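All values reported here derive from a predicted model rather than from experimental measurement.
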Amino acid sequence: MREYSGSYRSRAKKVRPVRRGEVVLTSEPFVHIINYEYASRYCDNCLTTFKEALLRPCSVCRVTWYCSRECRDLSWHLHRWECPYLKRRFSSPPQDFVRLMARIIFKLRLLVNRFSLMDKTFLNIGSALYLAASIFDHACKPNCYISFVGKKVQIRALVDMPVFDYSKCRISYVDPVSSVTKRREDLHEKWFFWCDCGTCQDQERAKFENSVKCENWDCQAPVYVPETRRDKRGPLQQGGSTTAGKQSSGQQQENKGQQKEEEEQMATTSKEEQREGQQIEEADDAKDSLGRQQEEEEEEEAARPVCSLCESPVSEGTVRRYQEAVAFTKEKLKAMTEENPTMTYCLEMLEKQDNIFSPMNVWRVRTLDFAFNAAMFNGCWSLTLKYGEENLNGMRYYYGADHPTYSLFLFKFGKAKIYFKEFREGLRLLEEAEPLLKIGVGPNHPIINELHLISLMANEDIEICLERRIAASKKREMELKKKHEMADFRAEIERKLSMLLSPVA
C-alpha cells in the first residue's frame, strides 16, 4: 500500500503567496440572464456582441438571441423551460429579476450572492449567480476586485498577500461613494447584515460625507451637517393625541375616578376661587411653555454646525436647504441607473446643490459622477471635462488612489482630454490609469487595448512626436555618455593594475 508523508488536512493547509493583480478565483455562472433591454445586443450564451457577430433570435420566443447554433444548443437546457412563457408574454416581458429566479435551480437563499453581469466596457447588462464566488465577504475598502471575461467572473487581488487565505479576501457589495448610513442600510436590506468595518467607523470620513461650504467666504471649508433634521419631540410626544387612545383599561378607570373627585371638589369651590386658580395655572403653563421654548432654542443653538477652522456657525436656513437638497438628490438617484444616467436629472440635482454642498460631499461626488457619465454618453465633451475636473479629488478620496474604479474614471477623463486635443494632460491621465487597470482587470482586457489605441492616436500629434524624439535623443546621449565614462573608468583601472603588476625596473 502507498504511504503518504502527511495527512490530507496538513496538505490542504499549505499556503502560497499572492501578488497584487493576480487572479485568485475564476468561475463560470451557475445561472445568468441578460436584461431585456440588452437581449438583442448580446448572445445569451457567450455574451458575444452584435458588433462582433451576426445574432439571431430564438425562433420560438424571439426574446433570447444567439451568435451560433452551438450557443443556442448549449443554452437550450435552461431556455427550453422559459421559452413558451416568454413567447406568451412577448408583448409584456417579465422582469429581469423574475427571469433570473426562474432559472435558479437551487435554494432561495443564494439570491443574496447575485452579481451584476458587465460587458467589456463595464456596462451592466444582466445578472448572474456564481456559486464559487459566493465565498467572498464584503468590505467597504476591499482587497479584491471583480471583472468579467464574457460571462466568466474573475476576482483579482488588489494587495500583496504573503499568506493567501480565501477567508481574508473581501469584495465590495455596494458603491463606496455613498454615506455610511446609506451603505449600511443597503447592506442590511439586501444582504442581511450591518457593516461595522473601519471605513464605516471613520468619523473624519463621515464628516466629509455630509458637509456644506462654510458661509465665511474667506474660509469655505467643509462643515458637517446631518443628512436629516432631528425630531425635536420626545418619544412620548411623537404619538400626539393618539397616545390617550392607547391607554390600558386600568389607566382609563383610574383617570375617570380622578376626574370624578375633581368634579366634586370643583362643586364646593366658589367661582372666584376657580377663576383665580385658573389664572394661576395659565400663568404657570405659559411660564413652563416659555421655559421649554428657551431650552429648545438653546439646544438648537448649541447643536448648530460650526466650522472647525474659522468657528463660523452655519445658519438654520442653510441647514434646511441642505437637508431638502439631500432628500431631493436621493429621490432622483433612485430613478436612475449608472448604465443609463439622465442628464436632465443630473442638472436638476447640481442646481439644487450649488453654493451649499462642499466639493467633498458624498452626494455631490456621486451626482457629479452620474453627470460625468451622462455627458460622455451623450457626446457632451465640454461638460465631461468640466465635471471630471470638479470631481477628481472626490473620486480619489472615496475610492482611493489605487482602486481600479478610480483608474477607470481617469481613463475616461483622459479620453475626454485627448478628444479636446489636450494631449499632454490626457496622456498623463492614461499613463496613471494603465497600471491600476491592469491590476484590476488584467493586461489582456479589451479596455487595456482601447487605452493603448487612444495613446497611439495622441502620440501622433506633431508636438508630442517631436517631444518624444527629443526625449529619446537625450536618453541615447546619456547612455552613450555613460558608456564612454565606463570605458574610461575601465581603462584607468587597467592602467593602474598594469603599473602595480609590472616588475620594478
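- At least one side-chain heavy atom of Asn391 sits under 4.5 Å from a side-chain heavy atom of Val365.
- Note: Phe372 and Phe413 have perpendicular aromatic rings, judged against thresholds of 30 and 60 degrees for the angle between ring planes.
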- Trp363 and Met349: CA distance, side-chain angles, deciding distance, side chain to side chain contact (heavy atoms under 4.5 Å, CB included) verdict: CA-CA 10 Å; Trp363 299 111; Met349 289 186 288; over 6 Å; no

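- Comment: Glu227 does not engage Lys182 in a salt bridge, judged by the lack of any side-chain N to carboxylate O separation of less than 4.0 angstrom.
- Between Met343 and Tyr387, the closest heavy-atom pair is CE-CE1, 3.8 Å.
- Using a 4.5 Å heavy-atom cutoff, the side chains of Leu408 and Ile447 are in contact.
- Residues passing the side chain to side chain donor-acceptor pair (under 3.5 Å) test with Arg184, sequence neighbours excluded: none.
- Between Tyr166 and Phe164, the gap from one ring centroid to the other is short of 6.0 Å.
- Judged purely by atom type and a 3.5 angstrom limit, Arg41 has no side-chain atom pairing as donor or acceptor with the backbone of Phe50.
- For the pair Glu215 (side chain) and Ser312 (backbone), a donor-acceptor distance under 3.5 Å is absent.
- Between the side chain of Gln220 and the backbone N or O of Cys214 there is at least one donor-acceptor pair closer than 3.5 Å.
- Considering only residues two or more places apart in sequence or on other chains, Ser127 meets the side chain to side chain donor-acceptor pair (under 3.5 Å) condition with Arg114.
- Under the 3.5 Å distance criterion, the side-chain polar atoms of His188 are left unmatched by any main-chain donor or acceptor of Cys195.
- In this model, a donor atom of one side chain and an acceptor atom of the other lie less than 3.5 Å apart for Asn361 and Tyr322.
- Side-chain atoms of Glu432 never come within 3.5 Å of backbone atoms of Leu410 as a donor-acceptor pair (strictly under, hydrogens ignored).
- Aromatic ring orientation, Phe193 versus His138: tilted (interplanar angle from 30° to 60°).
- Contact annotation: the side chain of Glu209 approaches that of Tyr398 to within less than 4.5 Å [non-hydrogen atoms, C-beta and beyond].
- Remark: Arg320 CZ to Thr318 OG1 distance equals 9.0 Å, nearest 0.5 Å.
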- Task: Kindly indicate, with the supporting measurements, whether the criterion side chain to side chain contact (heavy atoms under 4.5 Å, CB included) is fulfilled by Arg321 and Val212.
- Result: CA-CA 10 Å; Arg321 290 195 303 273; Val212 299; over 6 Å; no

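- Side-chain atoms of Asp119 and Thr49, non-hydrogen and from C-beta on, never get closer than 4.5 Å to each other.
- Under the salt bridge (Lys or Arg N to Asp or Glu O under 4.0 Å) criterion, the residue pairs touching residues 364-382 are Asp175-Arg366, Glu338-Arg366, Asp354-Arg364, Arg364-Glu390, with sequence neighbours excluded.
- Lys151 places a side-chain N or O within 3.5 Å of a backbone atom of Asn45 that can act as its donor or acceptor partner.
- For the atom pair CE (Met376) and OH (Tyr419), the distance works out to 11.0 Å, reported to the nearest 0.5 Å.
- Note that CZ of Phe208 is 5.0 Å distant from OH of Tyr397, once rounded to the nearest 0.5 Å.
- Atom CD in Gln323 sits 9.5 Å away from atom CG in Asn210 (nearest 0.5 Å).
- Between Asn373 and Lys412, the side chains place a donor N or O and an acceptor N or O closer than 3.5 Å (distance only, hydrogens not considered).
- For Phe370, the CZ atom is densely surrounded, since the number of other residues' heavy atoms within 6.0 Å is greater than 12.
- Nearest heavy-atom pair across Cys200 and Val180 is O-CG2, 3.4 Å.
- Put simply, CD1 on Ile448 and CD on Glu450 are 10.0 Å apart, with the number rounded to the nearest 0.5 Å.
- Ion pairing between a basic and an acidic side chain is recognised when a charged N comes within 4.0 Å of a carboxylate O; Arg428 and Glu422 show no such pairing.
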- Message: Assess the residue pair Cys169 and Met161 against the criterion (side chain to side chain contact (heavy atoms under 4.5 Å, CB included)); give the C-alpha distance rounded to whole Å, side-chain angles, the decisive distance to 0.1 Å, and a yes or no.
- Response: CA-CA 10 Å; Cys169 295; Met161 301 181 184; 4.1 Å; yes

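- Of the inter-residue distances, the one linking Cys67 atom SG with Asp44 atom CG reads 10.5 Å to the nearest 0.5 angstrom.
- Arg183 and Cys140 make their closest contact through NE-SG, 3.5 Å (heavy atoms, listed as atom of the first residue, atom of the second, distance).
- Taking all atoms of both residues into account, the shortest heavy-atom contact from Leu117 to Ile33 is CD2-O, 4.2 Å.
- Between Asn378 and Leu383 the shortest side-chain heavy-atom distance does not fall below 4.5 Å.
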- Using the side chain to side chain contact (heavy atoms under 4.5 Å, CB included) rule, take Ile454 and Phe411 through it: C-alpha gap first, then chi angles, then the decisive distance, then the call. CA-CA 10 Å; Ile454 296 173; Phe411 164 71; 3.9 Å; yes

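- More than 12 heavy-atom neighbours from other residues, nucleotides or ligands sit within 6.0 angstrom of CZ on Arg396.
- With hydrogens and angles ignored, the 3.5 Å screen pairs a side-chain donor or acceptor of Arg20 with a backbone N or O of Leu158.
- Annotation for Trp194: atom CH2 counts as buried by contact number, over 12 foreign heavy atoms lying within 6.0 Å.
- Under the 3.5 Å distance criterion, the side-chain polar atoms of Asp165 are matched with a main-chain donor or acceptor of Ser167.
- The closest donor-acceptor contact from the side chain of Tyr399 to the backbone of Val177 lies at 3.5 Å or more, if one exists at all.
- Thr64 and Tyr66 are linked by a side-chain donor-acceptor pair at a separation below 3.5 angstrom, with hydrogens and angles left out of the test.
- Nearest heavy atoms, Leu55 versus Ser40: CD1-O, 3.6 Å.
- A 6.0 Å sphere centred on NZ of Lys330 holds more than 12 heavy atoms belonging to other residues, nucleotides or ligands.
- Side chains of Leu430 and Ile418 form a contact here, defined as non-hydrogen atoms less than 4.5 Å apart.
- Taking 4.5 Å as the limit, some side-chain heavy atom of Leu25 sits within range of a side-chain heavy atom of Phe136.
- Side-chain rings of His403 and Phe409 stay apart, their centers remaining 6.0 Å or farther from each other.
- Counting heavy atoms from C-beta on, the side chains of Ile125 and Asn35 never come closer than 4.5 Å.
- Contact detail for Leu436 and Ala401: the closest heavy-atom pair is CD1-O, 3.1 Å.
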